[in-house]
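Right, one structure below, let's go through it.
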Amino acid sequence: MPAKKYHVTLTDEQRTALEKITRAYKSHTQRERNRARVLLLTDTAREDGGHAAAHVAIAVGVCTLTVESVRRRFVQQGLQAAVYRREQTTRKARVLDGRAEAFLIATVCSAPPRDRPAGA
């Protein structure tokens with residue numbers, strides 16, 4: 001088995017922040033909680049030196065590739081990039097504003113004109 005390429009070493013502040021994320025069910029998604037657990041279990045500053053990717057994947061319920069990518073993002077880009085999704089920069093602009101969308105929904109949900117039978 002190859003040696004770990006990316007070693008996660010958490011500071012006390014980072015460890016505290018990740019523990020808060022793992023306990024916050026209303027303010028964080030399951031994906032964010034899983035990523036936080038991965039970082040906590042792979043931390044090399046622990047007494048046992050951190051667990052292997054296969055063990056962490058089984059404990060958290062994710063793929064080993066997920067464990068590796070979370071570790072890589074943490075080492076290369078930091079805690080925020082490892083836990084949270086990045087902002088979508090290439091998203092298309094909305095075609096309809098709120099008023100136009102409400103008009104469209106009202107038109108579709110209204111009764112058909114008198115000269116047209118329903119369902120035709």
Side-chain angles (χ1 to χ4, degrees):
M1 182 170 213
K4 286 192 261 187
K5 188 172 182 180
Y6 300 104
H7 298 278
V8 175
T9 305
L10 298 173
T11 63
D12 291 334
E13 296 83 24
Q14 290 172 332
R15 191 174 302 109
T16 304
L18 290 171
E19 288 170 352
K20 286 181 183 178
I21 291 172
T22 59
R23 290 190 305 261
Y25 282 90
K26 291 193 177 194
S27 59
H28 294 284
T29 65
Q30 183 65 39
R31 179 177 289 159
E32 292 168 355
R33 290 192 301 273
N34 284 345
R35 291 174 179 173
R37 287 186 64 206
V38 165
L39 289 173
L40 287 171
L41 290 174
T42 58
D43 182 19
T44 56
R46 295 168 44 129
E47 298 85 30
D48 57 359
H51 296 289
H55 177 74
V56 173
I58 292 170
V60 177
V62 296
C63 176
T64 54
L65 185 62
T66 303
V67 175
E68 295 296 330
S69 65
V70 169
R71 283 199 312 214
R72 177 182 45 80
R73 275 195 309 259
F74 176 78
V75 171
Q76 291 178 345
Q77 301 171 6
L79 182 65
Q80 293 292 334
V83 176
Y84 299 106
R85 294 178 67 179
R86 66 174 186 252
E87 188 67 31
Q88 294 181 354
T89 57
T90 59
R91 177 175 256 172
K92 292 182 180 178
R94 292 184 64 143
V95 176
L96 300 175
D97 61 351
R99 179 174 285 174
E101 186 177 350
F103 176 76
L104 178 65
I105 292 170
T107 304
V108 170
C109 295
S110 65
R114 290 185 188 168
D115 58 341
R116 297 203 75 146

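If you're wondering where the values come from, they're calculated on a predicted model, not measured in any experiment. Residue indices begin at 1 and follow the sequence shown.
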Is L96 reachable from V108 through a run of I, L, V, M, F, W or Y residues, each pair having side-chain heavy atoms under 4.5 Å apart?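 Yes, because V108 and L96 connect within a single hydrophobic cluster, where side-chain heavy atoms sit under 4.5 Å apart.
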Is there a path of hydrophobic side-chain contacts, each under 4.5 Å between heavy atoms of I/L/V/M/F/W/Y residues, joining I58 to L40?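 No, no single cluster joins them.
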Tell me the closest heavy-atom pair linking [X] and [Y], and the distance in Å.
{"X": "C63", "Y": "A57", "answer": "C-CB, 3.9 Å"}
{"X": "R15", "Y": "L10", "answer": "NH2-O, 3.2 Å"}
{"X": "H7", "Y": "V75", "answer": "O-CG2, 3.5 Å"}

To the nearest 0.5 Å, what is the distance between [atom1] on [X] and [atom2] on [Y]?
{"X": "N34", "Y": "I21", "atom1": "CG", "atom2": "CD1", "value": "12.0 Å"}
{"X": "L104", "Y": "C109", "atom1": "CG", "atom2": "SG", "value": "9.0 Å"}
{"X": "H28", "Y": "E32", "atom1": "NE2", "atom2": "CD", "value": "6.5 Å"}

Name each donor-acceptor pair under 3.5 Å that joins a side chain in residues 78-90 to protein atoms two or more places apart or in another chain, with its distance.
{"unit_1": "Q88", "atom_1": "OE1", "unit_2": "R91", "atom_2": "NE", "d": "3.2"}
{"unit_1": "Q88", "atom_1": "OE1", "unit_2": "R91", "atom_2": "NH2", "d": "3.2"}

CA sep, side-chain torsions, deciding dist, call: V62, V56, side-chain contact (heavy atoms from CB on, under 4.5 Å): CA-CA 8 Å; V62 296; V56 173; 5.8 Å; no
Side chain proximity check, V38 to T66, heavy atoms < 4.5 angstrom: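 V38 does not reach T66 side chain to side chain.
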Taking C-beta and beyond as the side chain, do Q76 and R73 meet within less than 4.5 Å on heavy atoms?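 No. Closest side-chain heavy atoms not under 4.5 Å.
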Hey, is the main chain of R33 close enough, under 3.5 Å, to the side chain of T22 for a donor-acceptor pair?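 No, T22 side chain to R33 backbone: no donor-acceptor pair under 3.5 Å.
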Would R71 and E68 pass as an ion pair if we require N to O under 4.0 Å?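 Counted as a salt bridge, because a side-chain N and a carboxylate O are separated by less than 4.0 Å.
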